[in-house]
Amino acid sequence: VAEPRNTDSFDFSRYHSISEIYSFQDMLVAENPNLVSKVVIGQSYEGRPLNVLKFSTGGTNRPAIWIDTGIHSREWVTQASGTWFAKKIVTDYGRDPAVTAILNKMDIFLEIVTNPDGYFYTHTSNRMWRKTRKPNSGSSCVGVDPNRNWDAGFGGPGASSNPCSETYRGPRAHSESEVKSIVDFVKSHGNFKAFISIHSYSQMLLYPYGYTTTPAKDQAELHNLAQRAITDLASLYGTRYRFGSIINTIYQASGGTIDWTYNQGIKYSYTFELRDTGRYGFILPANQIIPTAEETWLALMDIMDHTFKNPY
Amino acid sequence: KETFEGHQVLRIVAKDDVQLSLIKDLEDMIEFELDFWRGVTDVATPVDIRVPMHSLQSVKIYLETQDVEYSIMIEDLQVLLDEEQEEMESAAR
């Protein structure tokens, strides 16, 4: 396999194995020592490092923005988009005024392969795998849905108690190291101002809550910002998104990531559901990776720019 | 390696809430081993379900007898996965 010698020759328009993504991360760090570093926030169940790229121009514990992709491993367009976002941040810093302004005052943390065991498994054994890969005691079924395992309405309606279900919540909140590692990191950092967790597919931009119909206290602001973000997203290729709170827009989901982050006080908590625009579902052709990443970036920039301009 | 020959992904569109709950009932039919790619949300939003070959006929009969409209989004999932794999390998080469 022709290994890329640097991130400029990395092929963003195709899907990559976990080792190719990990070596991309190391190359990006090596090429940008004054902007990018790698923070290993923990290990997956099978012992893979949970790598988070930190984009920082200095300071100490600056207000920060979190972006994660691939928490559901089969949603390949998200990890591929996350890789493209990493390069975009490095390329735009010093060139794009908005990105430069944000990074001169804030840090950005990007976890591209948030569920590495699951991702490896989709490449080697089962392309349809969504959950983690930890065995469940007392069951022949493996894995927990890492987007039902958070301590936010945990165990309520909108998650399954059956280990064989795709939405199995796990034996207790934060039982999965892939989740617990983020929880501990966010708590120890203590200065996150935005948290964006990226899924696919169904073209939605969602904000809390999923486990309760009680509106988020910042609902109006979150709703308006989401509307602006999906409008800019659609401006590139016309990809139409729906938006709103999780429970009003899709269904009740308990133990969800951004419900927990919002309850931690991270106001700008959003979940994206990226393309498919029509007929491929999770098997989105690789030629749609870059258009998907480009349109999503416009929405991400709205959220990051709003976070930067509305400190709290 | 798990393969998916003959698995189809059905795109189901409920006409009303009665049909929506009929589709939701499919979630509890464990024997069909259905994989909800897009879950049941509201009448306006299609539901996408991956159906293993062994359940296809039963699921289609269930939908057709209840007059629930569906289309076949993916005819044979394994064909699409083989294309994806081939594309990855040729791009890597």
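Numbered from 1 within each chain, the chains take letters A, B, ... in sequence-line order.
- No part of A:Tyr121 comes within reach of chain B, as not one of its non-hydrogen atoms sits under 4.5 angstrom from that chain.
- Atom CZ of A:Arg130 sits about 12.5 Å away from atom CZ of B:Phe36, to the nearest 0.5 Å.
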- Message: I'd like to know whether B:Glu27 forms a side chain to side chain contact (heavy atoms under 4.5 Å, CB included) with A:Thr167, so could you lay out the CA-CA distance, the side-chain angles of the two residues, the decisive distance to 0.1 Å, and finally the verdict.
- Response: CA-CA 12 Å; B:Glu27 287 180 4; A:Thr167 57; over 6 Å; no
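- When each of B:Gln78, B:Glu84, B:Glu2 is checked for a side chain to side chain donor-acceptor pair (under 3.5 Å) with A:Arg127, only B:Glu84 meets the rule.
- For A:Ser165, no part lies under 4.5 angstrom from a heavy atom of chain B.
- The OG1 atom of B:Thr41 sits 13.5 Å away from the CD1 atom of A:Ile246 when rounded to the nearest 0.5 Å.
- Considering all non-hydrogen atoms of both residues, B:Trp37 and A:Tyr280 come closest at CZ3-O, 3.7 Å.
- Neither the backbone nor the side chain of A:Trp129 comes within contact range of chain B, judged by heavy atoms closer than 4.5 Å.
- Contacts with chain A were tallied for B:Glu83, B:Met88, B:Arg38; B:Arg38 has the most, counting heavy-atom pairs under 4.5 Å.
- Residue B:Glu5 qualifies as enclosed at atom CD: its count of foreign heavy atoms under 6.0 Å is above 12.
- Listed options A:Pro285, A:Ala286, A:Ser202 were ranked by heavy-atom pairs under 4.5 angstrom with chain B; first place goes to A:Ser202.
- Between A:Asn126 and B:Phe4 the shortest side-chain heavy-atom distance falls below 4.5 Å.
- Considering only heavy-atom pairs separated by less than 4.5 Å from chain A, the leading option among B:Asp35, B:Ile74, B:Thr45 is B:Asp35.
- Counting heavy atoms of neighbouring residues, nucleotides and ligands inside a 6.0 Å radius, atom CZ of A:Phe85 exceeds 12 of them.
- The part of A:Thr124 that comes within reach of chain B is its backbone (N, CA, C, O), which places non-hydrogen atoms under 4.5 angstrom from that chain.
- The choice from A:Glu273, A:Glu166, A:Met128 that makes the most heavy-atom pairs within less than 4.5 Å of chain B is A:Met128.
- Using a 4.5 Å cut-off between heavy atoms, A:Arg242 touches chain B through its side chain atoms alone.
- In this structure, B:Arg50 CZ and A:Ile283 CD1 are separated by 9.5 Å, a value rounded to the nearest 0.5 Å.
- Neither the backbone nor the side chain of A:Asn248 comes within contact range of chain B; no heavy atoms are under 4.5 Å apart.
- Around CD of B:Glu86, the count of heavy atoms belonging to other residues, nucleotides or ligands within 6.0 Å exceeds 12.
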